[in-house]
Amino acid sequence: SAMQIASIDFDGGRTFLAEAQCVLFTARRGERTLRCYITRGALAACFGVRADRGEPASAHALRCFDAHAPRIQAAARRLI
């Protein structure tokens with residue numbers, strides 16, 4: 001019999017964790033909720049989005065995450 005793989009879904013929620021300088025987002029696989037993280041440095045390196053003058057780190061990280069969420073989620077899906 002073929003094993004059925006549970007799909008991986010993202011709820012669209014995200015939070016900036018100041019102490020870790022990363023964005024936390026969650027994925028669901030069946031009944032499990034998985035925490036996924038991407039650092040602010042990785043966001044800047046991968047997507048080249050610069051912070052606006054005076055923009056808080058949290059606003060910059062979330063703006064960058066939101067602009068590239070489908071690609072970030074696709075990468076997370078490959079790693080899960």
Side-chain angles (χ1 to χ4, degrees):
S1 68
M3 178 187 265
Q4 185 172 7
I5 309 254
S7 67
I8 299 168
D9 299 305
F10 298 92
D11 65 10
R14 79 285 186 277
T15 304
F16 182 70
L17 303 177
E19 61 282 355
Q21 289 291 297
C22 69
V23 176
L24 162 68
F25 58 106
T26 56
R28 289 204 50 90
R29 184 177 198 174
E31 296 298 313
R32 294 182 62 200
T33 298
L34 306 166
R35 292 182 187 148
C36 305
Y37 302 88
I38 185 167
T39 65
R40 187 169 170 235
L43 287 166
C46 294
F47 303 109
V49 178
R50 294 179 179 262
D52 294 333
R53 181 181 294 266
E55 183 178 29
S58 58
H60 172 247
L62 294 174
R63 179 171 59 86
C64 188
F65 180 89
D66 291 345
H68 300 284
R71 288 179 60 196
I72 295 165
Q73 291 168 351
R77 186 175 276 115
R78 287 191 300 272
L79 294 170
I80 294 172

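Because the structure is a prediction, the values reported are computed rather than measured.
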Once you round to the nearest 0.5 Å, how far does [atom1] of [X] lie from [atom2] of [Y]?
| X | Y | atom1 | atom2 | result |
| --- | --- | --- | --- | --- |
| R28 | I8 | CZ | CD1 | 12.5 Å |
| L43 | H68 | CG | NE2 | 8.5 Å |
| L79 | C36 | CG | SG | 9.0 Å |
| R77 | D9 | CZ | CG | 7.0 Å |
| R40 | L17 | CZ | CG | 13.5 Å |

Fill in: Student check: side-chain heavy atoms of R14 and D66 closer than 4.5 Å
yes

Fill in: Non-hydrogen side-chain atoms of Q21 and F16 separated by less than 4.5 Å
yes

Say whether [X] and [Y] are linked into one hydrophobic cluster, either directly or through other cluster members, by side-chain heavy-atom distances under 4.5 angstrom.
| X | Y | answer |
| --- | --- | --- |
| L62 | Y37 | no |
| I80 | I38 | yes |
| L24 | F10 | no |

Fill in: Closest non-hydrogen atom pair, G13 against F25
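Reported closest heavy-atom pair: O-CB, 3.6 Å.
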
